[in-house]
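To start, the structure itself, in structure tokens.
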Amino acid sequence: MNKDRLSKIFKGLAVCAGYAAAIFGVLAVKAVLIILLCMALLAGSLRACLTEHASPHSRREVQEYLEQAYPGQDFTVARKYYELPNEEASLTTIRVWDCWFEDMPELVFHVESAWWGGGHFPAKAGYDLSNDVKTTLWDYYLNRYPGSLDAWTVEDGRLTMEFTSMAEAEPAAAQLQDLLDWYDAQPHALRAMSAVCELGEMPLPTDPLWRMDDWFFIEHNLPEDNVVGWTNSYDHMMGRCRWVLMYYYGFYNVPGPDFTAESLADFGWRTWVWSCDPTHRDYPNFITPMGEQTALPYEEWGPLLRGVGVFDRRVSFGGLYEILVRLDRAPEGTPERFAVRGEDGCLYEFSYEFREPEGEEEVWYYLRDGERCGLKDPILELKSGPVSQTTGLWFQYP
């Protein structure tokens, strides 16, 4: 607490004491002084406990911050700062310093001292330092990269690419590896910004498979992370793209042009284990034949259904076909289009061609004795009527 603020507090105490003396007498003055002094001490202690850094940082503190954050680098911090509005805390401003590497004065980055926190008592608050050196370096070198990135979309320093096959993923992975190898050799290079890969438009919907990582990051991890480094981003990206595509084709149970039937079957066996462990929310706790009270033992249905694609307790048309085959329910056709007689005597027909436009969207359906039954996607809940009627089983969940 500085001297000016302390003197103001004592002046306030003196004024309050004067009023109290005039109204209540000397004894009251002592009581008022004691109460006010306690309040002042309490306010000071609360301020000390709840405030990390009560005032904006100084130039010296900025210099120390950079030296600690990036040891071994030589920085210059501008002697004067400027201020910007703080939209998150309108009663304060953001103090900004221009900074640069001593051997690269043309590349200017910024350090900000801004107020943070304090939204809910007794949350701590104070001024904190942040910088944009990583993004500034990345943008600087990305704009000077001599190689090709035509397989990527580059916008505002962000690399994105869409793929629908391994043939599209391979050149993009090679270009990314070349870029990261080049970037790693540049002066003051820090961690590269991540690149985003996303599964493009496919014949069957990918939105329902939101948890399958249909988009993911490729980024540099430090060597001690022992996961992904700049030296093996190609292998990492190819592996992730391969996994996404195999998940898509395996879930819908359709051929994938980049994979053999054997490789897709092996992928399914390793991916969809049909565990009865309740932590696996995709799989049922137990299965009961329709019309019976006793559940089938897991040893009977678990290994039988392993490898059939299940997502969010749902199965695709092609996945239902595979279940019916394994149960000897004699579906007629292929995973892409088949028919089967249900327990209710009705003929159920499923096809990936059963869809029609409705406004700007498409509506999917299956046929029950020739009558259309609408669906949002060519995917069925395992505990739904068409699955129970065609398989003769109740799939039970907690």
Side-chain angles (χ1 to χ4, degrees), residues 204 208-209 211-212 243-256 259-352 366-368 373 375 377-398:
L204 298 171
L209 308 180
R211 210 174 66 220
M212 73 174 220
W243 189 93
V244 168
L245 288 169
M246 295 186 87
Y247 194 104
Y248 168 86
Y249 290 116
F251 176 78
Y252 283 113
N253 195 21
V254 293
F259 314 107
T260 65
E262 292 76 16
S263 64
L264 285 174
D266 178 69
F267 175 84
W269 181 263
R270 291 182 285 107
T271 303
W272 294 290
V273 297
W274 283 77
S275 169
C276 63
D277 184 341
T279 59
H280 293 272
R281 67 181 303 274
D282 284 335
Y283 310 124
N285 266 19
F286 53 89
I287 297 177
T288 306
M290 292 183 66
E292 298 185 16
Q293 299 297 321
T294 304
L296 298 172
Y298 170 74
E299 292 75 17
E300 183 174 334
W301 61 264
L304 177 68
L305 299 180
R306 182 170 181 173
V308 176
V310 180
F311 178 83
D312 198 24
R313 304 182 180 187
R314 298 185 296 168
V315 66
S316 68
F317 287 175
L320 175 60
Y321 175 88
E322 182 64 22
I323 292 176
L324 295 171
V325 169
R326 297 187 185 189
L327 294 175
D328 294 326
R329 302 288 293 189
E332 297 181 1
T334 66
E336 292 91 342
R337 180 164 188 161
F338 63 94
V340 64
R341 186 69 60 179
E343 292 288 307
D344 54 3
C346 296
L347 181 67
Y348 289 82
E349 298 177 71
F350 304 90
S351 173
Y352 288 137
Y366 65 93
L367 299 178
R368 181 175 180 267
C373 302
L375 296 168
D377 303 291
I379 299 173
L380 301 159
E381 290 191 23
L382 273 174
K383 62 180 181 180
S384 65
V387 173
S388 297
Q389 290 295 338
T390 55
T391 62
L393 301 173
W394 289 110
F395 293 83
Q396 304 293 323
Y397 286 89

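Just so you know, residue 1 is the first one in the sequence shown, and it goes up from there. Values reported hereafter were calculated over all heavy atoms of this structure, with side chains retained and with hydrogens, waters and symmetry mates removed. What you see is a predicted model; the values in this text were computed from it and never measured.
- Side chain of Trp274 to backbone of Val308: a donor-acceptor contact under 3.5 angstrom is found.
- Contact between Ser316 and Gly319 at its shortest, heavy atoms only, is OG-N, 2.9 Å.
- The aromatic rings of Phe267 and Trp243 sit perpendicular, their planes meeting at an angle over 60°, well past the 30° parallel limit.
- Between Phe251 and Trp272, the angle of the ring planes lies from 30° to 60°, which puts this pair in the tilted group.
- A heavy-atom distance below 4.5 Å is found between the side chains of Ile287 and Leu305.
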Open item on the list: Please determine whether side chain to side chain contact (heavy atoms under 4.5 Å, CB included) holds for the pair Glu343 and Thr391, giving the CA-CA distance in whole Å, both sets of side-chain angles, and the decisive distance to 0.1 Å.
Closed with: CA-CA 8 Å; Glu343 292 288 307; Thr391 62; over 6 Å; no
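- Of the inter-residue distances, the one linking Leu380 atom CG with Phe350 atom CZ reads 5.5 Å to the nearest 0.5 angstrom.
- Rounding to the nearest 0.5 Å places CG of Leu393 at 8.5 Å from CD1 of Ile323.
- In terms of heavy atoms, Gly392 sits closest to Arg329 at N-NH2, 4.0 Å.
- Heavy atoms of other residues, nucleotides or ligands lying less than 6.0 angstrom from CD of Glu332 number 12 at most.
- Of all the heavy atoms in Arg281 and Tyr397, the pair that sits closest is O-CE2, 3.6 Å.
- Glu381 has its side chain out of reach of Val387: every pair of non-hydrogen atoms, C-beta onward, lies at least 4.5 Å apart.
- Applying the salt bridge (charged side-chain N to carboxylate O under 4.0 Å, His left out) test to every pair with at least one member in residues 289-304, sequence neighbours left out, gives no pairs at all.
- Ring pair Tyr252/Tyr248: centre-to-centre distance below 6.0 Å.
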- [ ] Please step through side chain to side chain contact (heavy atoms under 4.5 Å, CB included) for the pair Thr271 and Met246, ending with a clear verdict.
- [x] CA-CA 10 Å; Thr271 303; Met246 295 186 87; over 6 Å; no
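- The side-chain heavy atoms of Thr390 and Phe338, taken from C-beta on, include no pair separated by under 4.5 Å.
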